[in-house]
Amino acid sequence: MKQTDQYILGIETSCDETAAAIIKNGREIVANVVASQIESHKRFGGVVPEIASRHHVEQLTIVFEEAMKQSKLGFEDISAIAVTEGPGLVGALLTGINAAKALAFSQGIPLIGVHHIAGHIYANRLITELEFPLLALVVSGGHTELVYMKDHASFEVIGETLDDAAGEAYDKVARTLGLPYPGGPHIDRLAHEGESNIDLPRAWLGEGSFDFSFSGLKSAVINTLHNAKQKGIEFEAKDVAASFQASVIDVLVTKTAQAVDKYEVKQLLLAGGVAANRGLRTALEERFSSRENLQLCIPPLSLCTDNAAMIAAAGSVLFEKGIRSDLALNANPGLELSSY
């Protein structure tokens, strides 16, 4: 082990995954452990905050000890502890933050609060080095954003959802179709079996806008199904899924392409839980993979959903910039994505 090696311990508990990871020199995954709660929340059709918090309390020590075991490192090797500060569920965030503060205090290790979305963006750095300027398309259950970056830890949100995030719309449409939680993977699977033969709206929000809106699309799907039922018409679930997904992807890819052209970026990063969507990944590859002077970066499925490796990767950049948090660090469920 070289003396100059940097090891960042990451902790992530913003929603319903309890995760711990250790990253070497900002880019190499040494250990990455995730405990999912999907089975616990499935019967409720969504994440129940109180249950999520209790599971984090039960699982956090287990995943942390497993990450340390996999890494074969001791506390003396850890350069800093990076933990998700927000956004997220306040109770869930607090479990990870309090555990991180306890470790930082007891072991005398620097503490770094990390923005959850910055983590999703920096998951891409675990695959390839970032080149600036770049554009990140962040698509998750709670966020749909276009983020422009001129340098490390420099974030400019140039477009965001005005209502439902894409992942949220997926879950609501899935519920209407009687599909289990989480709905996104089920909609994606059905979409590849069906045909996009139902006319559904695209919200462009005016010329030059990079903002998104999926509430109207979600409502259009629900109204279409209700009206058809009243008329005795039946739509195949796979065709509804295909038509809905086609509308979402059309808006996401078109607006992203416009932003890529305007900002003349070197890289386009896909980030967030919905980055695991096969239809979106394929559409982006078809649109951008052959473009000259533009590198399209799509993380593997294991780094799309919430994990602690991405938090440690983002924390590594902040550590190098001299950013530190004190023991007054608190959960911030509405934390804004800001530059450092």
Side-chain angles (χ1 to χ4, degrees), residues 12 14 26 82 84-88 113-168 205 208-214 248-249 251-277 280-281 283-284 287-288 291 294-299 303-307 309-311 313-318 321 323 332-340:
E12 153 64 21
S14 65
T84 306
E85 179 183 358
V114 174
H115 194 286
H116 183 73
I117 297 304
H120 274 303
I121 292 171
Y122 271 93
N124 285 276
R125 197 181 183 216
L126 298 169
I127 308 305
T128 186
E129 186 55 86
L130 304 188
E131 293 185 32
F132 303 98
L134 64 78
L135 184 73
L137 171 62
V138 181
V139 196
S140 69
H143 300 268
T144 305
E145 300 170 348
L146 282 169
V147 182
Y148 174 68
M149 296 179 64
K150 293 185 288 188
D151 200 352
H152 282 299
S154 170
F155 307 102
E156 181 186 350
V157 178
I158 62 170
E160 59 188 336
T161 184
L162 303 180
D163 39 59
D164 286 356
E168 187 179 359
L205 303 177
S209 172
F210 296 130
D211 288 330
F212 301 95
S213 172
F214 296 106
V248 173
I249 290 175
V251 172
L252 289 174
V253 174
T254 301
K255 285 181 175 283
T256 299
Q258 292 169 348
V260 165
D261 291 338
K262 179 176 179 179
Y263 286 87
E264 299 179 342
V265 295
K266 295 179 181 178
Q267 278 184 330
L268 171 60
L269 315 181
L270 180 61
V274 183
N277 183 281
L280 178 58
R281 294 165 79 94
L284 288 170
R287 186 70 173 262
F288 298 106
R291 278 210 186 192
L294 177 71
Q295 180 187 17
L296 174 63
C297 304
I298 299 178
L303 293 177
C304 292
T305 51
D306 291 350
N307 63 87
M310 69 184 197
I311 300 302
S316 174
V317 171
L318 299 182
K321 284 181 169 287
I323 306 298
N332 190 341
L335 184 65
E336 296 285 335
L337 184 61
S338 57
S339 299
Y340 294 88

Exercise for the section: For the pair Tyr122 (side chain) and Gly315 (backbone), establish whether a donor and an acceptor sit closer than 3.5 Å, ignoring hydrogens and angles. Expected result: no

Practice task
Determine, step by step, whether Ser209 and Lys255 satisfy the side-chain contact (heavy atoms from CB on, under 4.5 Å) criterion, reporting the C-alpha distance in whole Å, the side-chain angles of both residues, the deciding distance to 0.1 Å, and the verdict.
Solution key: CA-CA 8 Å; Ser209 172; Lys255 285 181 175 283; 4.1 Å; yes

Exercise for the section: Test side-chain contact (heavy atoms from CB on, under 4.5 Å) on Phe155 and Ile121 and set out the steps. Expected result: CA-CA 10 Å; Phe155 307 102; Ile121 292 171; 4.2 Å; yes

Practice task
Using a 4.5 Å cut-off on heavy atoms from C-beta on, say whether the side chain of Arg287 contacts that of Thr256.
Solution key: no

Handout entry: Euclidean distance, Glu168 CD relative to Thr161 OG1, rounded to 0.5 Å
Key = 8.0 Å

Practice task
Taking atom NZ of Lys150 as the centre, report whether more than 12 heavy atoms of other residues, nucleotides or ligands fall under 6.0 Å from it.
Solution key: no

Problem - Inter-residue atom distance Glu85.CD - Leu335.CG, 0.5 Å rounding - result: 5.0 Å

Practice task
Give the minimum heavy-atom separation between Gly88 and Pro333, together with the two atoms involved.
Solution key: O-CB, 3.2 Å

Handout entry: Nearest-0.5 Å distance, CD1 of residue Ile311 to NE2 of residue His115
Key = 10.0 Å

Handout entry: Heavy-atom pair with the smallest gap, counting every atom of Ile249 and Ala283
Key = CG2-CB, 3.4 Å

Exercise for the section: Just say parallel, tilted or perpendicular for the rings of Phe214 and Phe212, cut-offs at 30° and 60°. Expected result: parallel

Handout entry: Taking every non-hydrogen atom, the tightest pair across Gly26 and Ala313
Key = O-CB, 4.1 Å

Exercise for the section: Check Gln267 against Cys297 and note the closest heavy-atom contact, atom names and distance. Expected result: NE2-SG, 3.8 Å

Practice task
Determine, step by step, whether Lys262 and Ile158 satisfy the side-chain contact (heavy atoms from CB on, under 4.5 Å) criterion, reporting the C-alpha distance in whole Å, the side-chain angles of both residues, the deciding distance to 0.1 Å, and the verdict.
Solution key: CA-CA 11 Å; Lys262 179 176 179 179; Ile158 62 170; over 6 Å; no

Handout entry: Mutual orientation of the aromatic rings belonging to Tyr263 and Phe210 [parallel < 30°, tilted 30-60°, perpendicular > 60°]
Key = tilted

Fill in the blank from the handout: Heavy-atom closest pair (Gly273 atom, His120 atom, distance to 0.1 Å) is N-CE1, 4.2 Å

Handout entry: Short side-chain donor-acceptor distance under 3.5 Å, Tyr340 and His152
Key = no

Exercise for the section: Could you tell me the separation between the CG atom of Asn332 and the NE2 atom of His116, rounded to the nearest 0.5 Å? Expected result: 14.0 Å

Problem - Atom of Gly159, atom of Asp211 and distance for their closest heavy-atom approach - result: CA-OD1, 3.4 Å

Handout entry: Candidate pair Thr84 and Asp306, rule side-chain contact (heavy atoms from CB on, under 4.5 Å), full reasoning
Key = CA-CA 11 Å; Thr84 306; Asp306 291 350; over 6 Å; no

Completion exercise
dist Leu270:CG -> Asn124:CG (nearest 0.5 Å) comes out at 7.5 Å

Practice task
Decide whether Glu12 and Ser14 meet the rule of one side-chain donor and one side-chain acceptor closer than 3.5 Å.
Solution key: yes

Handout entry: Arg281 side chain vs Pro299 backbone, donor-acceptor pair below 3.5 Å
Key = yes

Exercise for the section: Taking atom CD of Glu129 as the centre, report whether more than 12 heavy atoms of other residues, nucleotides or ligands fall under 6.0 Å from it. Expected result: yes

In residues 130-147, what donor-acceptor pairs under 3.5 Å come from side-chain atoms, sequence neighbours left out?
unit_1 : atom_1 : unit_2 : atom_2 : d
Ser140 : OG     : Gly142 : N      : 3.4
Ser140 : OG     : His143 : N      : 3.1
Ser140 : OG     : His143 : O      : 3.4
Thr144 : OG1    : Ala166 : N      : 2.9

Handout entry: Any donor-acceptor N/O pair, Asn277 side chain to Leu280 backbone, under 3.5 Å
Key = yes

Handout entry: Pairwise distance CG(Leu296) to CZ(Arg291) - rounded to 0.5 angstrom
Key = 10.5 Å

